[in-house]
There are 2 protein chains.
Amino acid sequence: MTNIRDLAKMAGVSVTTVSRVLNNHPYVSEEKKNAVLKAVKATRYHKNINAVHLSKGKTKLIGVVLPFTDHPYFALLLKGIAKQALEYNHKLLLFQTDYMESRETEALQMLQQKQIDGLIICSRACSMRKIEEYLPFGPIALCECVKGGEISSTYIDHYKIFMDALEFLYRKGHTKIGYCIGRKSGTNSRNRDKAYWDFHEKYHLPHHPEYIFDQCYDYEDGERVLSRVKEMDPPPSALLVTSDQVAAGIVISCNKQQISIPDELAIIGFDNEPIAGMLNITTIDIPLVEMGRNLVHQVLTKEIKNKEISATLIERGTV
Amino acid sequence: MTNIRDLAKMAGVSVTTVSRVLNNHPYVSEEKKNAVLKAVKATRYHKNINAVHLSKGKTKLIGVVLPFTDHPYFALLLKGIAKQALEYNHKLLLFQTDYMESRETEALQMLQQKQIDGLIICSRACSMRKIEEYLPFGPIALCECVKGGEISSTYIDHYKIFMDALEFLYRKGHTKIGYCIGRKSGTNSRNRDKAYWDFHEKYHLPHHPEYIFDQCYDYEDGERVLSRVKEMDPPPSALLVTSDQVAAGIVISCNKQQISIPDELAIIGFDNEPIAGMLNITTIDIPLVEMGRNLVHQVLTKEIKNKEISATLIERGTV
């Protein structure tokens, strides 16, 4: 690879002159400038941007940690992140973790090693303590409520939203309510679970741990949930389903099996995806694109804030 | 920022010794090693990986150009790319182009500037000629058939698949066939359109350019297509729909309006997404995850090959 010293030698000028020409600085004679440009052309020389990063300490890259990209929740979040990053003229470096801590650690290490200017963690596997260790190396933003400390976050209050949805179902006469979730172990999932049990305490409702279905990500999971519901005695009369795709799977399966919605089973989905509109599913609208945009804003402006994004219940035909 | 020279000074050793310690080379005395490690600790020194890239000329990054990430076709392709990149221990740098040539050019320039080791273009806006100009700077792989030249590609033969599906519909008695597509201008779209008109020539069928619906990406577009079909006289009796999401939108709208499928309108979707299974939609299975994996393989092994991935018609209930 040709470097700046080779160019200087070829052009018969100093390294400083080559640098001035390459960076469009003034005070270079036309003659020397032309000699340098001739050498550049002859050697097909191109600035190595890693060298530029090295001198400026900026990569214009934002790291994004997310478990997978092929799920609408993360795809929409990523859409917002990508839109805002583009407006700030930054690119995205993607870490698909599949919830493996080792892959998340790699992202944190790249922040430490200055390969990215900041990091957005959409859903974390590492402990907060571990993430905080990497804060000295660059800004980090999370998608969960982080009060105090130096981490920014844009979040929705999953406890409140879950509780509101449960109260809504209770007012409609439901007391046997279940819920479907992706993984049980995340912070957001734990908050939802807490709301679920607090709600049961509040109204002195009988406990049915079997009404909780985890590993629900896609249409087929909705089919599986319904087949389990059908075997229960008593079955839940309503389900809070934390993904519209899973809700769509349940609704389509109910239609196939002539199970009447909402009379036999009421459904509330999450995210207000287009499929929920098509199938007339009552859902909770979470402005994921707006969340994504705000995360980028937080990382690049380095303003340490907790921003809550509010959600809205969209009443349609499944409750 | 502390650099390797500062460390050498602090530890009272040569720069070479510091470099040897940092890179775990042998032949360094315990005494000198400890002095260096002490300096590293005191200064919180971390290798600047951009400096490492500079010396090794490798970033372990693969650029991925795609119009958007929140569409199942590209999401599944990206899933395959991400899986394979992980196996090769490479990260992804994402360029969401929205089909804007300027954004695609940025990706090509980053290849030129050694910020990425290779580039995968899932759907291009730039001309082939322009892309070829950047080949000297690193490997590029495309998702379309590129015979000859130095560009690798993994592709499906859209002409053949479209023709096979049209013949399938013809054998089922359909002569008034329409199709739905995202954008009209891409290479794949042009090949599909050619198959469509060649099929009409072959069987001397009347031309109905109004049976071609573009800008079809999502459920709502399916709703829009159906409302236009209903106003036509004569309407098409079958539609080839190049996205299962759009096909699902058409099927759900037909159900709502008591339009009988396949008797009044036959549908063939594309991609064999889960929703197609749920709604019993006949579709064409395209192994997108496998395609994504192969693109990464091509970029990293630098083997210049054209690999065709075959598609399969999955017969269900909509034809």
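Since we're looking at a predicted model, the values are computed, not measured. Below, read A as the first sequence line, B as the second, and so on, with proteins coming before strands; counting in each chain starts at 1.
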Checklist outcome for this item: Distance col, row I275(B):CD1 vs D218(A):CG, nearest 0.5 angstrom, shows 9.0 Å

Checklist outcome for this item: Applying a strict 4.5 Å limit to non-hydrogen atoms, the region of E273(A) in contact with chain B is neither

Item to check | Toward chain B, the part of F74(A) with a non-hydrogen atom under 4.5 Å | outcome: neither

Next on the checklist: Can you tell me which portion of N89(A) sits under 4.5 Å from chain B's heavy atoms? Options are side chain, backbone, both or neither.
Outcome noted: side chain

Checklist outcome for this item: If you tally heavy-atom pairs under 4.5 Å between each of A75(A), P274(A), A85(A) and chain B, the highest tally belongs to P274(A)

Checklist entry - Under 6.0 Å from the CD atom of E150(A), do we count more than 12 heavy atoms belonging to anything else shown? => result no

Checklist entry - Quick one: what part of Y219(A) sits under 4.5 Å from any heavy atom of chain B, side chain, backbone, both or neither? => result both

Next on the checklist: Could you measure the distance from the NZ atom of K83(A) to the CG atom of D98(B)? Nearest 0.5 Å is fine.
Outcome noted: 6.5 Å

Next on the checklist: Need one label for Q245(A): side chain, backbone, both or neither, based on atoms under 4.5 Å from any heavy atom in chain B.
Outcome noted: neither

Next on the checklist: Take a 6.0 Å sphere around NZ of K302(B) and say whether it holds more than 12 heavy atoms from other residues, nucleotides or ligands.
Outcome noted: no

Next on the checklist: Within the 4.5 Å heavy-atom criterion, are L93(A) and L94(B) side-chain neighbours or not?
Outcome noted: no

Checklist entry - Donor-acceptor pair, K256(A) side chain versus M278(B) backbone, under 3.5 Å? => result yes

Checklist entry - Are side-chain heavy atoms of K91(B) and M110(A) found at a separation under 4.5 Å? => result yes

Checklist entry - Does the side chain of M100(A) reach to within under 4.5 Å of the side chain of L86(B), using non-hydrogen atoms? => result no

Next on the checklist: Working note: L92(A) + L92(B), criterion side-chain contact (heavy atoms from CB on, under 4.5 Å); need CA distance, chi angles, decisive distance, verdict.
Outcome noted: CA-CA 8 Å; L92(A) 301 181; L92(B) 301 180; over 6 Å; no

